[in-house]
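Okay, so here's the structure we're looking at.
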2 protein chains.
Amino acid sequence: MAEYPPFAVTVDLVVLTVRADELNVLLVRRGIEPYRGRWALPGGFVQIDEDLPAAAVRELTEETGLAEPAGHLEQLGTYGRPDRDPRGRVVTVAWLALLPDLGSPVAGTDAASADWLPVARLTPGQLAFDHDRILADGVERARAKLEYTPLAAAFCPPEFTVAQLRAVYETVWGTRLDPRNFHRKVTGTPGFVEPVGRATEGERGRPAQLFRRGTATLLHPPMLRPS
Amino acid sequence: MAEYPPFAVTVDLVVLTVRADELNVLLVRRGIEPYRGRWALPGGFVQIDEDLPAAAVRELTEETGLAEPAGHLEQLGTYGRPDRDPRGRVVTVAWLALLPDLGSPVAGTDAASADWLPVARLTPGQLAFDHDRILADGVERARAKLEYTPLAAAFCPPEFTVAQLRAVYETVWGTRLDPRNFHRKVTGTPGFVEPVGRATEGERGRPAQLFRRGTATLLHPPMLRPS
DNA sequence: TTCTTTTTCGTCGTCACGACGATAAACGCT
DNA sequence: AGCGTTTATCGTCGTGACGACGAAAAAGAA
């Protein structure tokens, strides 16, 4: 194997959540060169005996203090342009994580400061390396997956109302959805959500039924994005 | 960078085509250890100054003698279990290619012999490394993409009939589709196919209109797979 | 010619969706 | 207590796409 070109392999995470009616991404401020002081996706080097999903989960827990099962984690893609890291040849495997809102400062165990930033407020070229493109790909993947999977519930706490789920769609897609048609679609699709039996209390308006995530993995037919 | 664990990075290709009413995959017989004599996906090491898509295109042309534009090439996923290659730590970026039927023996410039094999005839554990799983993921990706993209045309020659396109769906999905409803769907979806103006000659039955691939990149609404 | 094969055009019932109207069930205020 | 506000939930209606077919058109084969 020694005759083959040596690469460094990293994992980078696009961690998305919905906070205050905005789609937010978890970013860390880099403490070292290159791109010192710039925002970047959380990530790090894969260890020599570590599986790729394990490396992604490790970085996620290091940065958020949260184990995966609460949300969703999937491989997004691999980026390896020869000039993407000035330190040398680094190939990064990017992962997409969708999490419920976990309160504010992530208090990472890591050195660098981490924080949630609204995706819409980021300007192109603001992130280190090629993280602008990775983030854009992650957001696009998330938008597409809301259409044909029940993954919007990954942005919600374990028990949620139809209105909360609708707010996720409206925030991620940047559109408005009719509450009545959305309610019909969600409750009428087998396996999308399962009723808990209880309702909310102390909120404004009529109490809403609580639901859990269903067992379906695909939406047939899909949730349609307004033209 | 020297303090970080060194990896070898490869690209592997899942090259699919439709031949004789069967979904076929391009495989090479390994000439060296490990897995000598076993079938494997074509692939090879990424060079030190080479971009990942460039490495995939290079391997594809080396194995098939064909430039990409005739078909479709996209990144499938990255596989990096620590024990997936007995020679050491190798991470592979897998790519999915959909090509029209290019006649039989691929006559690769490479040493090992390459050939098309029907996917349905392969038994689990028959391929080297973790290529069984990579192939399964590629086939599943192709099946899913036929639903919501016009990519079925990538399996067809530049000019094709509606019936040829339908045969692609039927072969990849393993189902039968109603010729009349399929015709209505394909010709009625803007941008799916564009009429050439000419028709087939010398075939059995009524001559069929010829079409080219349209400009659409997504199918709205999607082509529905029979339950 | 007549039959067979294949393509292409229609028809009809059903179902899902978008656009609403209407009702139900809580709270806050006077 | 009564009333307005807010939000959730249930219906209705028209439209458009789809599945299941029937039927005509256009070629080669017998």
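All chains are named by letter (A, B, ...) in the order of the sequence lines, taking the proteins before the strands, and each is independently numbered beginning at 1.
- Of the candidates D/dG22, C/dT7, C/dG18, the closest approach to any side-chain atom of A/Leu224 belongs to C/dG18.
- Computed from coordinates, the B/Leu210 CG to C/dT7 C1' distance equals 13 Å when rounded to whole Å.
- Rounded to whole Å, atom P of D/dT7 lies 14 Å from atom CD of A/Gln164.
- The distance between atom OH of A/Tyr169 and atom P of C/dC17, rounded to the nearest whole Å, is 12 Å.
- Between A/Arg166 and D/dA8 there is a side-chain N or O to OP1 or OP2 distance below 4.0 Å.
- Along DNA chain C, the nucleotide nearest A/Pro221 and the nucleotide nearest A/Pro207 are compared for position; the residue whose nucleotide lies closer to the 5' end is A/Pro221.
- Among the atoms of the strands shown, only primed sugar atoms or phosphate atoms (P, OP1, OP2) are found under 4.0 Å from some heavy atom of B/Gln209.
- Considering only side-chain N and O atoms, B/Arg204 lies under 4.0 angstrom from the phosphate OP1 or OP2 of C/dT6.
- With DNA chain D read from its 5' end, the first of the two nearest nucleotides for B/Gly205 and B/Asp178 is the one closest to B/Asp178.
- With contacts defined as side-chain heavy-atom distances shorter than 4.5 Å, the pair A/Gln75/B/Thr78 qualifies.
- The phosphate of D/dC18 has OP1 or OP2 within less than 4.0 Å of a side-chain N or O from B/Lys185.
- Remark: the A/Tyr79 side chain and the A/Asp137 side chain contain an N/O donor-acceptor pair separated by less than 3.5 Å.
- To the nearest angstrom, P of C/dA25 lies 15 Å from CD of A/Glu201.
- In the interface, the side chain of B/Arg180 is paired with the base of D/dG22 through a donor and an acceptor atom under 3.5 Å apart.
- Listed for the B/Arg213 side chain is no donor-acceptor partner under 3.5 Å among the backbone atoms of B/Pro158.
- Across the protein-nucleic acid pair, B/Leu219 atom CG and D/dA17 atom P stand 13 Å apart, rounded to whole Å.
- Between the base of C/dG10 and the side chain of B/Arg184 there is no donor-acceptor pair shorter than 3.5 Å.
- Atom CG in A/Leu165 sits roughly 15 Å away from atom C1' in D/dA8 (whole-Å rounding).
- Distances shorter than 4.0 Å separate none of the side-chain N or O atoms of B/His183 from OP1 or OP2 on C/dT7.
- Going from atom CG of B/Leu177 over to atom P of D/dA20 covers 11 Å, rounded to whole Å.
- Judged by distance alone, with hydrogens and angles left aside, B/Arg206 brings a side-chain donor or acceptor within reach of the base of C/dT7, the pair sitting under 3.5 Å.
- Within 4.0 Å (heavy atoms only), B/Ala163 reaches sugar-phosphate atoms of the nucleic acid but no base atom.
- For B/His131 (side chain) and B/Leu41 (main-chain N/O), a donor-acceptor pair under 3.5 Å exists by modelled atom type.
- Rounded to a whole Å, the CZ atom of A/Arg198 is 19 Å from the P atom of C/dA25.
- A/Asp115 has its side chain out of reach of A/Leu27: every pair of non-hydrogen atoms, C-beta onward, lies at least 4.5 Å apart.
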